[in-house]
Number of protein chains: 2
Amino acid sequence: MSKKQLIIDAAIELFAKKGYETTSIQEITEHCGISKGAFYLSFKSKEELFLSIIDHVITKLGSTIDHLVSGDLDDEYKMYMYFTQLFEFLSSHRDLATIFNWERPHQVEKQLFDKLVFYDKQFSYTLLKLFESLYGEAIVETKYDLVLCVKGLLKAYGEYILFEKGTVNISAITQSFVDKINVLAKHAKKPFLTEDVFNNYGIISTYTVTLQKIEEQIKAAYERADQELEKESLLVLQQQLQSEQPSNAIIEGMLHNLRSFPGSHHISYLLRLYRRQQQNGKKHG
Amino acid sequence: MSKKQLIIDAAIELFAKKGYETTSIQEITEHCGISKGAFYLSFKSKEELFLSIIDHVITKLGSTIDHLVSGDLDDEYKMYMYFTQLFEFLSSHRDLATIFNWERPHQVEKQLFDKLVFYDKQFSYTLLKLFESLYGEAIVETKYDLVLCVKGLLKAYGEYILFEKGTVNISAITQSFVDKINVLAKHAKKPFLTEDVFNNYGIISTYTVTLQKIEEQIKAAYERADQELEKESLLVLQQQLQSEQPSNAIIEGMLHNLRSFPGSHHISYLLRLYRRQQQNGKKHG
DNA sequence: TTGACAACTGACTAACTGGTCATTATTATA
DNA sequence: TATAATAATGACCAGTTAGTCAGTTGTCAA
């Protein structure tokens, strides 16, 4: 196992137990039997470690779940599988999930906050699309409200899973969960979060990826990067985005160069979204 | 305004903005224009300040809501009013609610953790009783599950209120919320959290107040106390609890002596519960 | 065996923490 | 006004923190 992974694993365990603020780097290094100096060979700072862990969990969860959404399964079954995976992930990566559940970044820590807000919005958007294709016209008035409620239910169920020390019956919990979604979708007729209010709240659909936002991320990543290849790749990437006719191949190549670099997953995510938006724009325009 | 209140107000503002761990006493004292030494004239430590804030919020919320539960209003209306008060409290004490929502004590901070867990259980219990008297036999299988779900929904709605900077339509939000509870109570038929599972989870009804637990709290309070009257009152209270025939009058008197002492509210809460338990025990035994 | 290079160490720094206490300012009392 | 009592101060303490860097150790090719 790489040193980086060793540190991440120790940190996840300790952050889950004691919290980010109250866990010192000293403790982390002691816990995995390396020196303090060695830590700074792998990470530039404590904050970078934390960002790294977030990327870690997003990548891990994303790789098991993302393909589900884009697959062409039956919608009902898709939803069932989606939450099964989610609950399974929670129960098999309890420490990781505990950190996510407990550790809330305050607005002060800008980068961290933005990132989590972004993933949250993405998640909401995924749910919205799922519900739209499942229930169609029936929930046109209540769909935004439904998303909010389902996220709330998820928190309650998730917390139960994290709390419960023994094994959890994932199948039973998922069935119960999906039942509730069906019930709410079918019978709840007094939405609070309608589209109007919703746009103010701005959880989901109003979030558009702009070139500027991506460039900000690239710039931030550039400052964290230390290897030449990474730095150059980020520069090339930025140039491509600013040019009139960006080359698909070069962009893909740069992302490939950056794949082991913390934060690159987020950038490529943004890029994918951005391109999808552009295509939709063309279709509708 | 008393110095204590001045500090509490400043602390609430800063804790909400920056978090408990990352807010220093220096910052708090600077924010209200007093010296560091003056802080320690009002509070023994940073932790006591935090415990004080919790008591503060519980007392504030409790005094506006508690009488509702014990009053003899129509159940449906009672539920509506209950959540109205709750949402109103959230939106008019946003900083306070933000702290409660974001700041999670880790098991390490034993006293704090116990206290919050306790209030959480109390809240669950209140909901359970409310639902039982509202829906009766219809939810006998699903009531524990319903409590869990409602708490989840509450988190989602509550977070929306905290997030939303402008004014919030409390009436609309409550109607929507109550509608969801009704829908879930009527139609959700696949409970996950049945009584069995529930007892393991142990959120609610399995929580029994023992004399030992109360004595622990008194002991902890004794160590925090600095005035003679408080100390003596706590000692007398403990003696009364241990004696064969505790005197109601003395206990009430001691609680009265302690009413301005942080934490006394919690102790009297426990005592009320304990006595209720004893009475129920007699009835059923 | 040598030497170049990378990996690693842990004492060290500067800043900050919660908390203390001798000193000073303010107020009440005589 | 003089004296006692109380309130408030901020320099100071011991401890901890993230982060650094001169020096040691290990590795491997020549």
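Letters A, B, ... mirror the listed sequences (proteins, then strands); counts begin at 1.
- Between B/F39 and B/F43, the ring centre distance stays below 6.0 Å.
- Shown here are the side-chain hydrogen bond (donor to acceptor under 3.5 Å, both in side chains) partners of A/K155, two or more places apart in sequence or in another chain: B/E159.
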Could you tabulate the donor-acceptor pairs under 3.5 Å formed by side-chain atoms of residues 24-31 of chain B, not counting sequence neighbours?
unit_1	atom_1	unit_2	atom_2	d
B/S24	OG	B/E27	N	3.3
B/S24	OG	B/E27	OE1	3.3
B/E27	OE1	B/K18	NZ	3.2
B/E27	OE1	B/S24	N	2.9
B/E27	OE2	B/K18	NZ	2.7
B/T29	OG1	B/I25	O	3.2
B/T29	OG1	B/Q26	O	2.8

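- Checked by atom type and distance alone, the side chain of A/Q240 never pairs as donor or acceptor with a backbone atom of A/P246 at under 3.5 Å.
- Distances from the side chain of B/K3 to the nucleotides D/dA8, D/dG19, C/dC8 place D/dA8 closest.
- The distance from atom CG of A/L41 to atom P of C/dC5 is 18 Å, rounded to the nearest whole Å.
- In this structure, CD of A/E21 is placed 18 Å from P of D/dT16, rounded to the nearest angstrom.
- Atom-to-atom, CZ of B/F39 to P of D/dG10 comes out at 17 Å; the value is rounded to the nearest Å.
- Atom-to-atom, CD of B/E47 to C1' of C/dT17 comes out at 15 Å; the value is rounded to the nearest Å.
- In this entry the distance linking CG of A/L6 with C1' of C/dC8 reads 14 Å, nearest Å.
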A/K17 vs A/D95, test: salt bridge (Lys or Arg N to Asp or Glu O under 4.0 Å). Steps then yes/no. CA-CA 8 Å; A/K17 204 193 292 172; A/D95 280 351; over 6 Å; no
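- Residues B/F123 and B/L154 have side chains in contact (heavy-atom distance under 4.5 Å, counting atoms from C-beta outward).
- With sequence neighbours excluded, the residues satisfying ring-ring contact (aromatic ring centres under 6.0 Å, His included) with B/F50 are B/F15, B/Y20.
- Contacts of residues 25-35 of chain A with DNA chain D (heavy atom under 4.0 Å): A/I25.
- One can place NZ of B/K46 at 12 Å from C1' of C/dG19, the figure rounded to the nearest angstrom.
- As judged by a 4.0 angstrom heavy-atom cut-off over every strand, A/S42 is placed among residues making no nucleic acid contact.
- Distance from the side chain of A/S24 is smallest to D/dA18 among C/dG19, D/dA18, D/dA8.
- With sequence neighbours excluded, the residues that form a side-chain contact (heavy atoms from CB on, under 4.5 Å) with B/H56 are B/Q5, B/I8, B/I12, B/K60, B/L96.
- The closest donor-acceptor contact from the side chain of B/K3 to the backbone of B/L41 lies at 3.5 Å or more, if one exists at all.
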Please write out each protein N/O paired with an N/O of nucleotides 20-28 of chain C under 3.5 Å, distance rounded to 0.1 Å.
none

